[in-house]
Peer 1: 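Quick one: the structure is below, and I'll ask about it shortly.
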There are 2 protein chains.
Amino acid sequence: MTRPSPRTDIAHEALKQAILERALQPGTKLPEDEIGAHFGMSRTLVRAVLAKLQSEGLVDARPKRTAIVAQPTLAEARDVFEVRRGLEAQAVDLVIKRWKPSFGAELEGLVREEDAARERHEEHVAGRLGGEFHIRLAKLSGNVLLERYMSELVTRCSLILAVYGSPHSHDHSGPNEHIEIIAALRAGDAAKAIGLMDAHMSVVERRAMHDTDPASVALGDVLARYAGAIAGRDGAIPLKQKRAK
Amino acid sequence: MTRPSPRTDIAHEALKQAILERALQPGTKLPEDEIGAHFGMSRTLVRAVLAKLQSEGLVDARPKRTAIVAQPTLAEARDVFEVRRGLEAQAVDLVIKRWKPSFGAELEGLVREEDAARERHEEHVAGRLGGEFHIRLAKLSGNVLLERYMSELVTRCSLILAVYGSPHSHDHSGPNEHIEIIAALRAGDAAKAIGLMDAHMSVVERRAMHDTDPASVALGDVLARYAGAIAGRDGAIPLKQKRAK
DNA sequence: ACGCTCAATCTCGTATGCATGAATGGATCG
DNA sequence: CGATCCATTCATGCATACGAGATTGAGCGT
């Protein structure tokens, strides 16, 4: 699961997780210099990372201002969930068409992992696995593009839940719904599976209520923490000096 | 419709059109230097443009090789059409839910434009307008994200048709099908509209047969032509020298 | 005391340079 | 005569430099 580890991927992953876990609250400024300093790379690369995060809807980078963590509006949230419902339905449909017995075990494995994480009170991990379920489902559809889109949608939904959702139920009410969906898939009951999925989405979506104000965070500390967790080391990474000839 | 005109948008639009019109055949190398020279910008910006085109599936830019015009595989083509069918259905559904009388006129206007272009034998323009119909439909759904996805999908479909499709029927068999879809939308008949749309997609999709080899093209000539058409001037644009203090 | 203007500073936009890795053509060997 | 290996050339990866726009804080005026 872990990437090859080009520094640029580390920075991308670190920022993504930091945003999704709300360690970097919406509205937080993300200056290219500072980020580059902490990850040991130049603004050129940071810029690429921020561009990618923007295309994923996690960062808002307007023409000549400092990029900030995205603050999804309710309208955007509605759009995201709407499209996601549609693609989830399609994913379910395709998965049933191309069903193999191994699929059930694979999905159940994920649900178990999520359960385990939740029992360990690792809410963030559990939340991530909850989203992973849907991405895996899309992957099982055999459609790479669908998987990509679903991945992006799940990410955006996570941010939306982090912003508008109730503080601690990070992504899902419980994995029970996932289990039911798996059962319907296994039975080949497309209509029921889609119905369940839709209900599931409703539950997730119906947590668009609260609101919070973007407080200032110690960007440095957060980055160091996340970069460390991912790269396996901590603290700021110094820029690689000119190597000896 | 025309952009504000940052050079970077011009380059992006020019390359996009050149690729979709098959003036730059799949496999054609796209060196950053050369492109930059022709659009009067540095490799830094070209790189950003190429990255965007890659994310749109029009360019293939592998780690350390020169970027090339994308060569979609049949598997990719299948994925694209599959997802597009799903989103088209959803778009139709939403448009009917939020229908306003003005929608019909708007869509019909596009169809008429397409007809006119086709009568003038401007196949490329007609093809573009044919795709535009679907993007507009998605826009009328009121879902910005859906519009974005549809836009990307239509673009990719255009490339696929350019590669695998029959030489001259550039995007659509005819606007008749569009007219029928509009009628169903106006009648609020979601099932029929979705059925028509699906049939329409089938027709478009069923043109995955031929193949062609990537011949070498005079990149310079093509770029000059397309840059001229978009920017309103022609020829290579010299890099802006250091301006006097 | 409050608001406005302007200057100092913080970032971004973009070009360019240097180093490294791929592509290519020629020379050599079988 | 053909294939392979190596050197040269080309194109990219990345950092850095410089100029310009945005931000903000201080000083002035009312």
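Below, read A as the first sequence line, B as the second, and so on, with proteins coming before strands; counting in each chain starts at 1.
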Peer 1: Let me know the distance between CD1 of Ile35(A) and C1' of dT11(C), rounded to the nearest Å.
Peer 2: 12 Å

Peer 1: Can you tell me which residue pairs pass the salt bridge (Lys or Arg N to Asp or Glu O under 4.0 Å) test with a partner in residues 145-157 of chain A, sequence neighbours excluded?
Peer 2: Arg148(A)-Glu152(B), Glu152(A)-Arg156(A), Glu152(A)-Arg148(B)

Peer 1: Going by an N to O cut-off under 4.0 Å, is there a salt bridge joining Lys139(B) and Glu132(B)?
Peer 2: no

Peer 1: Restricting to side-chain hydrogen bond (donor to acceptor under 3.5 Å, both in side chains), what partner residues turn up for Arg85(A), sequence neighbours left out?
Peer 2: Asp198(A), Ser202(A), Glu205(A)

Peer 1: Excluding sequence neighbours, so at least two apart, what forms salt bridge (Lys or Arg N to Asp or Glu O under 4.0 Å) with Glu76(A)?
Peer 2: none

Peer 1: Name all residues meeting the side-chain hydrogen bond (donor to acceptor under 3.5 Å, both in side chains) criterion together with Arg65(A); count only those two or more places apart in sequence or in a different chain, and write none if there are none.
Peer 2: none

Peer 1: Write out a two-atom table: protein N or O, nucleotide N or O from nucleotides 6-10 of chain C, distance below 3.5 Å.
Peer 2:
none

Peer 1: Give each protein N/O atom lying under 3.5 Å from an N/O atom of nucleotides 10-12 of chain D, with the pair distance.
Peer 2:
unit_1, atom_1, unit_2, atom_2, d
dA11(D), O3', Thr66(B), OG1, 3.2
dT12(D), OP1, Glu32(B), N, 3.2
dT12(D), OP2, Glu32(B), N, 3.2

Peer 1: Suppose we screen for side chain to side chain contact (heavy atoms under 4.5 Å, CB included). Which residues come up paired with Ser151(A), at least two apart in sequence or across chains?
Peer 2: Ile135(A)

Peer 1: Would you list the pairs meeting ring-ring contact (aromatic ring centres under 6.0 Å, His included) in which at least one residue belongs to residues 139-160 of chain B, sequence neighbours left out?
Peer 2: Tyr149(A)-Tyr149(B)

Peer 1: Taking salt bridge (Lys or Arg N to Asp or Glu O under 4.0 Å) as the test, write out the residues that go with Glu56(A), two or more places apart.
Peer 2: none

Peer 1: Leu45(B) has an atom CG; how far is it from atom P of dT16(C), in whole Å?
Peer 2: 11 Å

